[in-house]
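Taking it in order: structure first as structure tokens, then the write-up.
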There are 2 protein chains.
Amino acid sequence: MSTVADQQDIKREKILEAAYQQFLHYGYSKTTMNEIAGALSMSKALLYYYFPDKSQLYIAVTRKLANEYLNTLKDNLAKIKDLRDAIVFQIDTHHNFIVNNYNFFDFIRLNEQSLPDQIWEIVDEIRQSEMQLLGDVMIAEANRGKIRIVENPGEIVSLLLDALNGVRVAAMGHKKNIFPKKEYLDEIHQKRLILVDIFVRGLKN
Amino acid sequence: MSTVADQQDIKREKILEAAYQQFLHYGYSKTTMNEIAGALSMSKALLYYYFPDKSQLYIAVTRKLANEYLNTLKDNLAKIKDLRDAIVFQIDTHHNFIVNNYNFFDFIRLNEQSLPDQIWEIVDEIRQSEMQLLGDVMIAEANRGKIRIVENPGEIVSLLLDALNGVRVAAMGHKKNIFPKKEYLDEIHQKRLILVDIFVRGLKN
DNA sequence: TATTTGATAATTTTGTTAAAAAAGTCAGGA
DNA sequence: TCCTGACTTTTTTAACAAAATTATCAAATA
């Protein structure tokens with residue numbers, strides 16, 4: 001039997017889905033609350049009944065996306081023993097996440113300076129989870145004697161993530177577009193694999 | 001005895017120096033050709049006698065800075081045998097270069113999209129030289145048997161530079177300012193040292 | 001009472017234009 | 001050849017109205 005709360009949640013979900021599609025297609029500033037309401041055949045005022053304002057709606061969608069991303073990581077990384085394999089899986093997943101939702105993130109890209117803190121809370125949360133998950137694999141590898149034991153696995157993983165991110169940043173270079181073109185994706189991936197190789201090797205002993 | 005060409009060069013130098021000070025102090029868009037001329041007690045028209053336009057003047061100053069930077073690297077890296085020491089020297093020098101001239105680079109930062117190609121030529125030239133210099137040290141180390149021999153040293157050095165840059169990018173985080181604050185500089189430096197350690201270790205064998 | 005809406009208020013963005021500032025030119029002087 | 005003052009052209013800024021969009025709310029509905 002469906003309760004009132006259930007119905008509310010379902011409607012909230014529908015709104016989130018429609019909003020996601022619009023944001024993804026047109027970007028944050030180009031999608032209007034009217035259009036989102038229109039896509040759902042409901043009044044704009046109703047959106048404000050479920051969400052306090054546009055930015056909060058955007059943040060709610062972002063939160064949902066982040067959860068989906070993290071669940072993918074959690075579900076799979078637990079099964080992977082080899083450190084290098086784990087890192088490669090993380091790289092692939094993260095990359096797809098960004099590429100598939102590129103347009104959606106224009107809000108974050110274009111308003112970098114003055115963004116609601118909640119966005120950065122989500123970003124930090126993702127980073128934190130990634131560190132935790134990969135850190136666990138690293139510790140397991142250390143315990144199995146495959147790599148040497150480091151005092152602070154989180155710090156090392158963090159360093160690796162920063163380094164990998166640097167490969168992406170560099171690949172975007174000074175080209176017109178801010179985001180790497182399709183043609184560079186493979187190059188980024190290849191370089192990251194080499195970097196991971198050297199890095200993991202540097203942990204052995 | 002001083003030739004006409006000498007005199008020209010001296011005046012050009014004076015202009016470059018004055019322009020550098022103004023750009024550094026006020027940034028590109030906020031310094032006017034009038035101010036530069038004023039600082040030199042010469043007419044604005046004379047600036048246009050020595051340089052075709054404002055952006056070319058800026059580029060000329062940039063070129064000069066780049067040469068000074070590269071000379072510092074060349075003069076010192078040749079003397080350093082240890083790969084890790086060489087990389088650390090490069091990191092320090094590069095970092096100082098950016099920090100000391102931060103305001104000067106606002107033109108590049110703020111106009112990222114539509115910049116004269118010459119700027120990127122300089123950037124590429126710097127990167128190319130850095131790769132060459134560090135690549136040489138790496139080859140020497142490989143020949144001495146301290147690290148394993150890699151097929152493409154340039155590629156590996158490039159990868160390292162990208163990774164190190166990623167550490168800086170990450171340190172800037174989502175804080176208000178685009179450039180790392182003084183308080184983060186040490187942190188960046190420490191992380192880079194750790195990364196270099198792991199990276200160089202990953203090349204041994 | 002919880003949900004929904006049309007009408008309306010408040011705010012932000014966009015477009016227009018005029019004034020000011022700065023870039024860039026040029027005829028002519030030393 | 002080097003240099004300048006006066007001039008023209010281009011770019012930036014400010015002000016303000018019009019349009020678009022966000023956000024609110026009293027009233028209707030279920």
Side-chain angles (χ1 to χ4, degrees), chain A residues 1-16 18-19 21-23 25-61 106-107 109-111 113-116 118-119, chain B residues 1-23 25-61 106-107 109-111 113-116 118-119:
Chain A
M1 112 192 185
S2 75
T3 69
V4 172
D6 283 342
Q7 286 304 110
Q8 271 204 348
D9 286 352
I10 288 171
K11 180 144 282 185
R12 254 186 77 97
E13 275 303 311
K14 285 228 190 286
I15 294 174
L16 288 175
Q21 292 299 338
Q22 297 289 325
F23 287 141
H25 204 69
Y26 304 107
Y28 181 79
S29 62
K30 291 282 186 61
T31 77
T32 69
M33 293 298 263
N34 261 324
E35 284 166 357
I36 298 174
L40 289 159
S41 303
M42 58 171 59
S43 77
K44 178 179 54 173
L46 190 56
L47 291 180
Y48 286 94
Y49 179 78
Y50 284 94
F51 296 92
D53 62 31
K54 190 184 177 184
S55 73
Q56 288 302 311
L57 173 55
Y58 178 85
I59 288 166
V61 177
D106 78 330
F107 179 56
R109 278 206 315 283
L110 303 179
N111 296 290
Q113 301 302 7
S114 55
L115 274 180
Q118 292 149 314
I119 291 285
Chain B
M1 119 190 182
S2 74
T3 68
V4 172
D6 284 342
Q7 286 304 109
Q8 272 204 349
D9 285 351
I10 288 172
K11 181 143 282 185
R12 253 186 78 97
E13 274 304 310
K14 285 229 190 283
I15 293 174
L16 287 175
E17 179 56 28
Y20 169 66
Q21 291 300 339
Q22 296 289 326
F23 287 143
H25 202 66
Y26 303 108
Y28 181 79
S29 63
K30 292 281 186 62
T31 77
T32 68
M33 293 298 264
N34 263 323
E35 284 166 358
I36 297 173
L40 289 159
S41 304
M42 58 171 57
S43 76
K44 178 178 57 170
L46 189 55
L47 291 180
Y48 285 95
Y49 178 78
Y50 285 94
F51 297 93
D53 61 31
K54 191 183 175 185
S55 72
Q56 287 303 310
L57 173 54
Y58 179 84
I59 288 168
V61 177
D106 78 331
F107 178 55
R109 278 206 316 284
L110 304 178
N111 296 291
Q113 300 303 6
S114 54
L115 276 180
Q118 291 149 315
I119 292 286

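By convention in this document, chain letters (A, B, ...) are assigned in the order of the sequence lines, proteins followed by strands, and residues within each chain are numbered from 1. Since this is a predicted model, take the numbers as computed values, not measurements.
Look at Tyr48(A) and you won't find any side-chain N or O under 4.0 angstrom from OP1 or OP2 of dT24(D). Remark: Tyr50(B) is in phosphate contact with dC3(D), judged by side-chain N or O atoms under 4.0 Å from OP1 or OP2. The side chain of Lys11(B) places an N or O atom within less than 4.0 Å of a non-bridging phosphate oxygen (OP1 or OP2) of dC3(D).
Which of dT25(C), dC3(D), dT22(D) sits closest to the side chain of Ser43(B) comes down to dC3(D). Comparing dT22(D), dT25(C), dT5(C) by their nearest atom to the side chain of Leu46(A) picks out dT5(C). The side chain of Met33(B) has dA23(C) as its nearest neighbour among dG5(D), dT5(C), dA23(C). Nearest nucleotide to the Lys44(B) side chain, out of dG24(C), dT5(C), dG5(D): dG24(C).
When rounded to the nearest whole Å, the span between CD1 of Ile15(A) and C1' of dT4(C) equals 12 Å. With rounding to whole Å, Lys14(A) atom NZ is found 13 Å from dT4(C) atom P. If you measure from atom CG of Asp53(A) to atom P of dT12(C), you get 12 Å, rounded to the nearest angstrom. Here the P atom of nucleotide dT1(D) and the OH atom of Tyr49(B) are 7 Å apart, to the nearest Å.
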* Might you work through the ring pair (Phe, Tyr, Trp, His ring centres under 6.0 Å) test for Tyr58(B) and Phe107(B), ending with a clear yes or no? => CA-CA 9 Å; Tyr58(B) 179 84; Phe107(B) 178 55; 4.7 Å; yes
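Geometrically, Lys54(A) engages Tyr28(A) in a cation-pi contact, judged by NZ or CZ lying under 6.0 Å from the ring centre and within 45° of the ring axis.
Residues Ile59(B) and Gln118(B) come closest through the heavy atom pair CD1-OE1, 3.2 Å. The two residues Leu47(B) and Ala37(B) have their closest heavy-atom pair at CD1-N, 3.9 Å.
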